[in-house]
Amino acid sequence: MEQRHLGRTGLRVSRIGLGTLTWGRDTDEHDAADMLKAFWEAGGTLVDTADVYGDGEAEYLLGRLMDGLVPRRDLIVSTKAGSVPDPDRRFDGSRGHLLAALDASLARLGTDYVDVWHVHAYDPGTPLEETLQALDLAVGSGRVRYAGVSNFCGWQLAKAATWQLAAPGARTRLASTQMEYSLLQRGVEREVLPAALDLGVGLLPSSPLGRGVLTGKYRNATPPDSRGASEHLAPFVEPYLDDAASRIVDAVTTAADGLAVTPLQVALAWVRDRPGVSAPIIGPRTLPQLTAALSVEALSLPDEICRALDDVSAPVHRYPDHDWSTL
C-alpha cells in the first residue's frame, strides 16, 4: 500500500487507515484479529482507535493483538482522548484529564507510546492553551510521537495550529486533524480543509463511505445485518438516507458501473485522493468488508468521473468562502 506523509511531518502512514470503532462491541476478537493481520499483510500501517471506543475495549483488544499477532513496530497507532460520559460535559480538554487518559490508553494498549494522539473534540470550558500544553507534555515525555486534533471547526483548528507554531518555547506542531469527510459530507471544505492545507496539517477523514451509505447497500432497503439496522448505530446512519444522499449514491453507482468496479471503490478512491487528505479511516466490521475496501488500492478515478461526482455532491458555499466580488 502506498505511504504518505502525515501533514507537514516526517511521519509516513498508509494511505488507508483501519478504524476500530466497532471493536469489542460489534466486532469480536476473532474478527478483529483477522482484519488486523490482513491489513498488515496488505501494507497497511495506520490503525486508529480512541479511549471511548467500546468503553476502552477497542484499545485493550488492539493491545492484545499487537502483543502476539502483529509487531508493534510495524504499526502507526493513533488514539484519542477528551470525550467523557458526562451528561453535563461531553468533552474534557483539561490538562489533568487528557494526561490521565493517555496513561490509561497506554496501559490498555500495552505500549510505552502512541504514534499519534488526538484531542477528540474542542472543549469550550477549558482554555485552548491548557489543552495544547497537554500535547506538548505528552510529546516531551516520549509517550506520544505526534499530536493532532479531531472534530475542530475551521477557526478552532487554525487557532490551535497557529498557537503551536507561534508560541514561544518548545511547542508540538499539529500533525493531523481527524474529521468526517465523504461525498455525503463535504463540510470540511468550507474552512477546515483550507486551514489544514495552509498550516500543513494532514486530514484523516472518518466515515469516508458516508457511514456505509455510499456502498449502495441502503438503496432499496436496510439490510438486517447493517449499521442502519442496529439499535445503537441506526441514528448514526439515518441522516444520510434522505433524497439528497440518494441522488449522490445513484451517481456513485452509475460511475461504478461505467468503470466495472463497486460503489465502495469509487467513493473511497474519491476521498482518498482529495487535496490535503493523508489517509481515510475505514471502519469495517468484518474481514470481507475490509477486503472490499483494500481493493481500492489499484484504482484511480478518471478526471471526468471526479468532476461529475464533485458536481453532483457540491455543497453550497457562498459568502465569505468565495470571492465576494463574484457574488
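Quick caveat, the model's predicted, so the values are computed rather than measured. Residues take their numbers from the sequence shown, with the count starting at 1.
- Counting only residues at least two apart or on different chains, the ring pair (Phe, Tyr, Trp, His ring centres under 6.0 Å) pairs with a member in residues 164-183 are Tyr181-Trp270.
- Taken together through direct or relayed side-chain contacts under 4.5 Å among Ile, Leu, Val, Met, Phe, Trp and Tyr, Leu214 and Val261 form part of one hydrophobic cluster.
- Annotation for Trp155 and Glu191: closest pair N-OE1, 4.4 Å, computed over non-hydrogen atoms.
- Note on Val47 and Leu21: separate hydrophobic clusters, where clusters join Ile, Leu, Val, Met, Phe, Trp and Tyr whose side-chain heavy atoms are under 4.5 Å apart, directly or indirectly.
- Taken together through direct or relayed side-chain contacts under 4.5 Å among Ile, Leu, Val, Met, Phe, Trp and Tyr, Leu109 and Val52 form parts of separate hydrophobic clusters.
- With hydrophobic clusters built from ILVMFWY side chains whose heavy atoms lie under 4.5 angstrom apart, Leu287 shares a cluster with Ile282.
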Could you check Trp23 against Leu65 for side chain to side chain contact (heavy atoms under 4.5 Å, CB included), going step by step and ending with a plain yes or no?
CA-CA 12 Å; Trp23 287 24; Leu65 295 179; 4.0 Å; yes

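- Using a cutoff of 4.0 Å between basic side-chain nitrogens and carboxylate oxygens, Asp250 and Arg219 are scored as salt-bridged.
- Side-chain atoms of Thr162 never come within 3.5 Å of backbone atoms of Lys159 as a donor-acceptor pair (strictly under, hydrogens ignored).
- Hydrophobic cluster membership for Phe91: none, as no Ile, Leu, Val, Met, Phe, Trp or Tyr side chain comes under 4.5 Å of it.
- Of all the heavy atoms in Gly210 and Tyr240, the pair that sits closest is O-CD1, 3.4 Å.
- Looking at residues two or more places apart in sequence or on another chain, you find no ring-ring contact (aromatic ring centres under 6.0 Å, His included) involving Tyr113.
- Ionic pairing of Arg4 and Asp273 is present here: one or more N-O contacts between side-chain nitrogen and carboxylate oxygen are shorter than 4.0 angstrom.
- The CG atom of Leu174 sits 7.5 Å away from atom CG of Leu165, with the distance rounded to the nearest 0.5 Å.
- For Trp117, the ring-ring contact (aromatic ring centres under 6.0 Å, His included) criterion is met by no residue, not counting sequence neighbours.
- Residues that satisfy the salt bridge (charged side-chain N to carboxylate O under 4.0 Å, His left out) test with Arg307, not counting sequence neighbours, are absent from this structure.
- Each side chain to side chain donor-acceptor pair (under 3.5 Å) pair with one or both residues in residues 275-291, not counting sequence neighbours, would appear here, but there are none.
- A distance-only check finds no donor-acceptor pair linking the side chain of Arg72 to the backbone of Gly110 [under 3.5 Å].
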Let me see the working for Thr49 and Glu59 under side-chain hydrogen bond (donor to acceptor under 3.5 Å, both in side chains), right down to the final yes or no.
CA-CA 7 Å; Thr49 189; Glu59 287 183 329; 5.1 Å; no

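- Using a distance-only test at 3.5 Å, with no hydrogens or angles considered, a donor-acceptor pair links the side chain of Gln156 to the main chain of Cys153.
- Evaluation of the ring-ring contact (aromatic ring centres under 6.0 Å, His included) rule for Phe152 yields Tyr122 as partners, not counting sequence neighbours.
- Using a 4.5 Å cut-off between side-chain heavy atoms of Ile, Leu, Val, Met, Phe, Trp and Tyr, Val13 falls into a hydrophobic cluster with Leu6, Leu11, Leu46, Ile76, Val116, Tyr146, Leu204, Ile281.
- Listed by first then second residue, pairs satisfying ring pair (Phe, Tyr, Trp, His ring centres under 6.0 Å) with a partner in residues 47-69 number zero, not counting sequence neighbours.
- Among all heavy-atom pairs drawn from Ala158 and Leu199, the shortest one is CA-CD1, 3.8 Å.
- The cluster map of Ile, Leu, Val, Met, Phe, Trp and Tyr, joined by side-chain heavy atoms under 4.5 Å apart, puts Met1 and Leu268 in the same cluster.
- The minimum heavy-atom distance between Ser182 and Pro208, with the atom names listed, is CB-O, 3.3 Å.
- For the residue pair Gln164 and Asp136, a side-chain donor N or O sits within less than 3.5 Å of a side-chain acceptor on the partner.
- Shortest non-hydrogen contact noted between Leu75 and Asp115 is O-OD2, 3.4 Å.
- Residue pairs meeting the salt bridge (Lys or Arg N to Asp or Glu O under 4.0 Å) criterion with at least one member in residues 252-265, sequence neighbours excluded, do not occur.
- Considering every non-hydrogen atom in both His118 and Ser150, the closest pair reads CB-CB, 4.4 Å.
- The list of side chain to side chain donor-acceptor pair (under 3.5 Å) pairs with a residue in residues 203-217, not counting sequence neighbours, reads Glu180-Arg211.
- Listed by first then second residue, pairs satisfying salt bridge (Lys or Arg N to Asp or Glu O under 4.0 Å) with a partner in residues 78-106 read Asp48-Lys80, Arg89-Asp92, Arg89-Asp123, Asp103-Arg143, not counting sequence neighbours.
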